[in-house]
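I have placed the structure first, in the form of C-alpha cells, so that the comments after it can refer back to it.
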Amino acid sequence: MRCIVNPAQDGHSGGLEFNEGRLVPCHESPERAAMVRDAFRAANLGPEEPARDFGLAPILAVHDAAYVDFLRTAWERWTAAGRGGQALSFVFAAAGMRRDVPPDDIDGLLGFYGFDAGSPIVPGTWAAAYGAAQSALTGAALLGAGERAAFALVRPPGHHAGRAVFGGYCFLNNAAIAAQALRDAGHARVTVLDVDYHHGNGTQDIFWTRGDVQVISLHADPRQEFPYFLGHADEHGAGDGLGATLNLPLPWGTGWTVYAGALDTACAAVEAFGPSAVVVSLGVDTWEGDPISRFTLRHEHFRHIGARIQALGRPTLFVLEGGYAVAEIGRNVVAVLQGFEGAGA
Ligand code: OKP
Ligand code: ZN
C-alpha cells in the first residue's frame, strides 16, 4: 500500500502543552511522523507518494468557514497583538456562558474555538494542518483510482477537531475530510472506524446528524479519560444520523481480550451498515507503554487489528491519529498495516 507524505506537516513543532500543572514539550511531535516513515520504509510496505493539493473546498465541506478562517489567520492575529512564543487558550466558553457572539480579541477567539490548553498554535500550524488534510484527501483519491488501501501518514492528528472546534492536538479533521471526499466521489455510505485510545469527539460532532457516514469509536471511557465530555455509550446520533454513531468506551487497563471483543462488535456494526469504503482513524496510543494512555495492548495485537479490518473486505484508508511512545510508534503502526496486508503473518 502507498504511504502519503507531506513535509509541510513538520512545521507544526516546538509547542508546549499544559500537562499536570506545568508547560511541557508537546507529546505530538514531528519525530512521530519520522519514526512511522522510517518503519514503513524498513518494512518495504510500498512506495511513498507526495500529497496533492485539493484546495480549501473539501475542508470547508466539513468545517465551519469562520473557524477555518480563524485557524488560517490565528498566528497573524497573535503576532499583531505583539505576542511571540505560541498561541495557547487560557479561557474557555463553558456551560452557562454565551456561544453566539465570537469575541474580536485573539485570546477570546482561542477559547471560543478551542477546548483544551494542550493544543498550541505556532507559526507553522496552519500549513501543517492544511497539509495533513491534503494528505488524507490524496489517500481518498487513491481509493477512487482503484487502490484497495492507502495510508495517510499525517500529523497533527484530526479526530478531536469538530466542525468549529480545535483541541487534543487536532485542528482539521483529516479522517472526516477524507470520508466526506469519498462520499462526494460517489461512495453512498462510508464508515469512519476510530481505534485511537481517545474518543474521536470531532468526527462524532461532524457526522452526528448524518445517516450516510457511520462513526464508530473504541476508546477509553470519557468518565476517566480525555476528552471527558463526549464518547459515552448512550450517544447514538440524531435525526437522520440516529443509529449511525456507535461508541464503545472501555476502562483503564483494557487489554487484548476485552479490546478484541469490542473490535468484533464494531466490525459487526460496519457489516450491518454496509459501507463501500472505510476510513480508519489509526491511533496506536492503545499500546501498553504509551506515555499518556492506560490500555495494555501489546505489539503483536496491532497485527490482529489490521487483519480484522481487512476482513471487512472494503476499500480502506488509514489516517494516522495518536501514539506518543515515539520509539515504538513506527513498529506499532506498521504492524496494523502488515496485518491488513496479510504480510508475514
Ligand atoms: C490526541 B489523540 C495528558 C494530556 C492529554 C490530550 C490528549 C490528546 C490525544 N495529561 N492531552 O487522540 O491521540
Ligand atoms: Zn489518542
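Start at 1 and go down the list; that is how both ligands and their atoms are numbered.
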With ring pair (Phe, Tyr, Trp, His ring centres under 6.0 Å) as the test, would you mind laying out the steps for Tyr259 and Tyr197 before giving the verdict?
CA-CA 11 Å; Tyr259 194 90; Tyr197 172 79; 9.8 Å; no
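Atoms of ligand 1 found under 4.0 Å from any heavy atom of His160, numbered from 1 in the order shown, are 1 (C), 2 (B), 9 (C), 12 (O). For ligand 1, the atoms closer than 4.0 angstrom to any heavy atom of Asp285 are 13 (O). Remark: ligand 1 atoms within the under-4.0 Å shell around heavy atoms of Asp196 are 2 (B), 12 (O), 13 (O). Of all atoms in ligand 1, listed by their number and element, those nearer than 4.0 Å to a heavy atom of Gly322 are 13 (O). When each atom of ligand 1 is checked for a heavy atom of His159 under 4.0 Å away, the hits are 2 (B), 12 (O).
Under the 6.0 Å cut-off for aromatic ring centres, Phe340 and Phe318 qualify, their centroids lying closer than that.
Using a 4.0 Å cut-off between charged side-chain N and carboxylate O, Glu271 and Arg314 make a salt bridge.
For Arg98, the CZ atom counts as loosely surrounded, since its 6.0 Å shell holds 12 or fewer non-hydrogen atoms of other residues, nucleotides or ligands.
The one candidate from Asp194, Leu317, Thr316, Val319 that meets the side chain to side chain contact (heavy atoms under 4.5 Å, CB included) condition with Val280 is Thr316. When each of Asp290, Val36, Val334 is tested with Ile329 by the rule side chain to side chain contact (heavy atoms under 4.5 Å, CB included), just one qualifies, namely Val36. Checked options Leu246, Leu193, Thr191; the residue passing with Gln214 is Thr191 (criterion: side chain to side chain contact (heavy atoms under 4.5 Å, CB included)).
The shell of residues lying under 4.0 angstrom from ligand 1, judged by heavy atoms, includes Tyr324. The closest approach between Glu321 and ligand 1 stays at or above 4.0 Å for every heavy atom of the residue.
When you scan the N, O or S atoms of Asp196 for the one nearest the Zn ion (ligand 2), you land on OD1. For the Zn ion (ligand 2), the nearest N, O or S atom contributed by Asp285 is named OD2. With respect to the Zn ion (ligand 2), His198 has ND1 as its nearest N, O or S atom.
Relative to the ring axis of Tyr67, Arg163 does not place its NZ or CZ within 45° and under 6.0 Å from the centre.
A donor-acceptor contact closer than 3.5 angstrom links the side chains of Glu321 and Ser281.
Among protein heavy atoms, atom 11 (N) of ligand 1 sits closest to Tyr169 OH, 3.9 Å. Protein heavy atom nearest atom 10 (N) of ligand 1, with residue, atom name and distance: Asn19 OD1, 2.4 Å.
For ligand 1, the polar-atom distance check finds no N/O of Glu17 at less than 3.5 Å from any of the ligand's N/O atoms.
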